[in-house]
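Note sheet for the following structure.
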2 protein chains.
Amino acid sequence: MTISMNERSRKILEAIVEDYIASAEPVGSKSVSCRHQMGLSPATVRNVMADLEGMGYLASPHASAGRIPTDKGYRFYVDTLLQLRPLKAEERERIERQYASSDRRIDEVLREAVKSLSRLSRYAGIVMAPRIEATVFRHIDFVPLAPGRVLVIFVSRSGEVQNKIIETGINLPAATLEQMTNYLNRVMNGLPLDTVREKIAVEMAQAKMEHDDLQQRVLALSGQALAGEDENARVYIEGTSNILDQPEFADVERMRQLYRVFEQKSQLVDLLDRSRRAHGIQIFIGNETSHSAIAGCSLVTATYETREGTIGSLGVIGPSRMPYGQVIPIVDYTARIVSQLLEEEYQ
Amino acid sequence: MTISMNERSRKILEAIVEDYIASAEPVGSKSVSCRHQMGLSPATVRNVMADLEGMGYLASPHASAGRIPTDKGYRFYVDTLLQLRPLKAEERERIERQYASSDRRIDEVLREAVKSLSRLSRYAGIVMAPRIEATVFRHIDFVPLAPGRVLVIFVSRSGEVQNKIIETGINLPAATLEQMTNYLNRVMNGLPLDTVREKIAVEMAQAKMEHDDLQQRVLALSGQALAGEDENARVYIEGTSNILDQPEFADVERMRQLYRVFEQKSQLVDLLDRSRRAHGIQIFIGNETSHSAIAGCSLVTATYETREGTIGSLGVIGPSRMPYGQVIPIVDYTARIVSQLLEEEYQ
DNA sequence: CTTGGCACTCGACCGGGGTGAGTGCTACGG
DNA sequence: CCGTAGCACTCACCCCGGTCGAGTGCCAAG
């Protein structure tokens, strides 16, 4: 058993991975030897395949079937063998066109992105919206709905709107609210959200000292409105039914597991968050996700960013048997376009 | 073959429907005769069952299996045999508690409702948000994001926030926007949305006559912001993976179809919309939905409303083999609670 | 009209033989 | 020492026939 991978074994591994990706059937020595006319007899290929299995790149479902790649096999393929298939101009155009009708509000853009990802990859698209911490203050507004109930609307510089109804207990006079709106909009405009929060805290302390109860309450209101949202709500998924067409999900039990993950979202949040902290393209293969419920699945993700840094991540989830060479450029280009669209907002 | 349904046939039909709902297995004459000690021999039951089959209430999957209810059978059961199992105080309380933490913004309430529906019924919950036409003007706000781009925020009386970014082409001065905000908020407050639209149209005509280009543009802006949204986006679904546990969906192909429907939503919009136009509880059984993709499924829906009329509908979707007696009260009570919560907003 | 009896039907389950793809091993030749 | 050809072996898959049993339909008796 050769320990190292020479050129030949790599070629053969590549052939097997690609055949398996294309056919979803275990691939045998003969088909490798024939289809990829590399001048080797099936017997030779067999020897190599036995080595590859020994090294953990391949596995056989049972004795007389062919071999299928393991997670490690896919990983090696992706890291060292894979050739990206760059997008054709026409495909790039198709991605861009997707956003033509959107109004460039960040959630609109992301919604289009997730649709586009799922449509192009023919798997499920997932997008994680930026955490509100990453935004910049643009505008705040208080709308009294009823005595003791105020709707607080917060707008970030990128046009994202977040709103909350807050029970104030007491009835805040419209004049105070208006005054405060003007003040906050003047002072906070353009500041990153965490700075805004700090400032609000400082001012609250001051208002407290001055026994300005009303002002303190309104400030508290703004603070509450700027609090973070449920993380799970920030994930968009689309095209999950695409995955159902894949032969590996003919088994009902696996489908169930997968759909539970989609519905629950927290595991996806975890992965997308890990991806966000990295930079650029990230690929999780099978058990590398360390979520056994999505065993057999891979995630291809990329980060999108503005000049102020990475703000979120997006990608595609599908079976590990995935044409990475095609999916990666799709994810990559989508992330670029999204970054670009959001960047334009920032001027 | 008796044409009419006498007391005995009804009892037997009831027994069969209920056994089948409980077990998901075709039910035979013997089990009916034994389990529901009605003093009839299996043979007699068989005769009756043959009649019921002849009348279209039952069907046999194959010669030597028992009988299962047809859509018509379920319909008869629901219309004339069904006894509702009223909610226990504890269950009602559980439903109410669900909304305790919500901030009573309409979309929050509906999101809680859909969760609660799916959790209690153990099927998928669906909710359709009111169309924006049904709302009442409360507040509008223009936030200039960049030269030529304005974010328009519209708030309805029930605290629903809708926002749109609009490309204005030219740069509208902040002063004009502010002036217009004040004007609209003063004049339109409390008017139903269609009236607001009319008024805007009238004022636009007037502005045109007076060659007040700026004002005309801002009015156009408001008009655009009040335009309806994508209908499909107004449907919430949750708990779809509950349905996967049902034995009737062991077949992968059916699951696929169903999930396509969930993802596409338009067929659900259609049904919920039909339900909204009716009043109170509505039940669609199997093919009555006239959407063949959800054959074998039933929908139990109810409308929620304020004193100004029905505004939306919500319900549960699951297999036709559904314990209607339990599901109907859940849906009914949820609709009541939602109505009540929204009503409170209106004061 | 009800009931017991009985033959019949038909899917589910089981076991066995045949088939074929694919393997591992071994012996041979460059 | 490496590549190749040959060969026996393995094992999933398919098809077949037989058995089993639940449930029916029908009939004749009460």
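Hydrogens, waters and symmetry mates play no part in the numbers below; they use all other heavy atoms, side chains included. Chain A is the first sequence line, chain B the second, and so forth, proteins listed ahead of strands; every chain is numbered from 1.
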Residues [X] and [Y] bridged, charged N to O under 4.0 Å:
X: R321(B); Y: E248(B); result: yes
X: R256(A); Y: E263(A); result: no
X: R46(B); Y: E53(B); result: no
X: D71(B); Y: R75(B); result: no
X: K72(A); Y: D79(A); result: no

Any Y20(A) side-chain heavy atom under 4.5 Å of R67(A) side chain: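 Counting from C-beta outward, Y20(A) and R67(A) never come under 4.5 Å.
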[atom1] of [X] versus [atom2] of [N]: gap in Å, rounded?
X: L58(A); N: dG22(C); atom1: CG; atom2: P; result: 14 Å
X: M49(A); N: dG24(C); atom1: CE; atom2: C1'; result: 12 Å
X: R8(A); N: dC2(D); atom1: CZ; atom2: P; result: 9 Å
X: R46(A); N: dT26(C); atom1: CZ; atom2: P; result: 14 Å
X: K30(B); N: dT3(C); atom1: NZ; atom2: C1'; result: 15 Å
X: N47(A); N: dC2(D); atom1: CG; atom2: P; result: 11 Å
X: I12(B); N: dT24(D); atom1: CD1; atom2: P; result: 12 Å
X: H62(A); N: dG24(C); atom1: NE2; atom2: C1'; result: 16 Å

Straight-line distance of I68(B) CD1 to E25(B) CD, nearest 0.5 Å: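 Atom-to-atom, I68(B):CD1 and E25(B):CD are 11.5 Å apart.
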Short side-chain N/O contact from S29(A) to OP1 or OP2 of dT23(C), under 4.0 Å: yes
Strand-adjacent residues in residues 13-24 of chain A, judged by heavy atoms under 4.0 Å from DNA chain D: none
Proximity to DNA chain D (any heavy atom under 4.0 Å), residues of residues 64-74 of chain B only: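 Listed by number, they are S64(B), A65(B), G66(B), R67(B).
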Pair Y259(A) and F262(A), ring centroids less than 6.0 Å apart: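 Ring centroids of Y259(A) and F262(A) are less than 6.0 Å from each other.
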Given DNA chain C, 5'-ward residue of the pair S41(B) and P26(A), judged by closest heavy atom: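 Going by which nucleotide is closer to the 5' end, it is S41(B).
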E7(B) CD: over 12 foreign heavy atoms closer than 6.0 Å: yes
Minimum-distance nucleotide (side-chain atoms of A63(A) versus dA5(D), dC11(D), dC10(C)):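 Looking only at side-chain atoms, A63(A) lies closest to dC11(D).
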